[in-house]
Amino acid sequence: MQYERELRQTQAFLTEHDDFLVVAHVQPDGDAVSSTLAVGWLLSCLGKKYVMVNEGPIPKRMAYLRQAERIVDLSAEPLNRKFDYVICVDCADFKRVGTTKELFAEGAKLLNIDHHPTNDGYGDINLIVPHAAATAEILFDLIHFMGLELNETIATALYTGLLTDTGGFRYSNTSPKVMAAASKLLEYGVDGPGLSELLLEQMTLSQLRLLTRSLNGLQLTEDGKISWVVVTDEDLKSAGAVHEDMEGIVNYPRNIQGVEVGLLFKVIDEQAVKVSMRSAGKVDVAKVAQSFGGGGHVRAAGARVEGTLDTIVPRVVEQVRLQL
Ligand SMILES: [Mn+2]
């Protein structure tokens with residue numbers, strides 16, 4: 001069985017080496033942060049040295065995760081050294097590691113743990129499970145495979161990854177296996193309702209202001225099947241919002257009855273726009289994202305596209321239309 005072989009290779013990578021760098025994708029979400037911490041926890045159990053790093057800061061609302069403060073924000077705290085052994089979690093492709101790649105030694109050995117179907121297997125060792133709902137689900141299996149005993153800390157991290165990547169156990173990736181894992185994690189004392197409230201229900205005032213502002217400019221194609229919103233830097237500023245406050249906005253256009261694909265365009269600068277895509281199921285947005293150099297899942301994907309908003313919006317909408 002391929003999964004078992006990959007788990008065995010992963011275990012060997014972790015036990016045979018030492019002094020690891022653990023990184024996740026830029027602008028980390030719940031699964032990225034949780035998976036970083038879960039790998040860190042696992043390495044601690046093995047008595048290994050490791051440093052956890054992200055290109056930027058960890059979202060404030062995830063500060064409850066134990067050891068989250070140990071994840072180095074490379075944009076604020078440069079590290080003057082390189083690592084020979086690197087573990088990338090939740091990164092659909094190599095460029096998603098962002099500036100942390102500066103810390104990879106030449107010829108560094110890479111372990112790639114991920115659940116994005118578009119992952120191209122850029123690691124020296126790859127533990128990729130495209131049908132897993134979250135990287136946290138794979139790490140749940142890995143921890144079990146390695147015979148380690150869970151505790152509340154690690155259970156809370158893993159539950160966070162499952163909860164956020166399944167949109168609160170609602171998306172189509174919420175398999176029986178996900179529910180079984182979540183059930184097991186709750187037995188270790190995870191505060192399920194508290195985490196749902198914190199991560200999925202609560203909004204900051206600036207987040208709500210940003211949402212209001214962006215929904216005012218909501219657009220819909222004539223056939224009512226594609227809808228999108230735009231967020232500019234000016235929107236962020238005037239709402240007093242930060243990048244993480246955009247989380248969830250893309251669901252609003254997608255939630256309109258009859259809409260097949262919802263899009264969020266975030267202006268990065270004069271040369272680039274980040275596009276988030278959500279599908280009701282008919283359109284494979286991972287395919288659309290890939291055609292723009294991005295990636296993701298069938299129902300949730302994204303890409304960074306070079307160009308100005310005026311040219312990118314019609315191009316992406318047209319590409320989606322071709323898939324309808
Ligand atoms: Mn994920």
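Each ligand, and each atom within it, is numbered from 1 in the order the structure gives. Model, not experiment: these values are computed from the prediction. Keep in mind that the numbers below use all heavy atoms, side chains included, and drop hydrogens, waters and symmetry copies.
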Show, in sequence, the C-alpha distance, side-chain angles and deciding distance for D29 and D90, and conclude whether the side-chain contact (heavy atoms from CB on, under 4.5 Å) test is met.
CA-CA 10 Å; D29 56 12; D90 209 34; 3.5 Å; yes
For ring pair (Phe, Tyr, Trp, His ring centres under 6.0 Å), just list the numbers for Y159 and F169, CA-CA rounded to whole Å, side-chain angles, deciding distance to a tenth of an Å, and then say yes or no.
CA-CA 11 Å; Y159 190 92; F169 305 109; 5.5 Å; yes
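Counting backbone and side-chain atoms alike, H115 contributes an N/O/S atom closer than 2.8 Å to the Mn ion (ligand 1).
Using a 3.5 Å distance cut-off with no hydrogens or angles, the side chains of T232 and D235 do pair a donor with an acceptor.
Take the N/O/S atoms of D90: the one nearest the Mn ion (ligand 1) is OD1. D31 contributes atom OD2 as its closest N/O/S atom to the Mn ion (ligand 1). The N, O or S atom of D165 with the smallest distance to the Mn ion (ligand 1) is OD2.
Between D284 and R299, none of the side-chain N atoms (NZ, or NE/NH1/NH2) sits under 4.0 Å from a carboxylate O, so this pair counts as no salt bridge.
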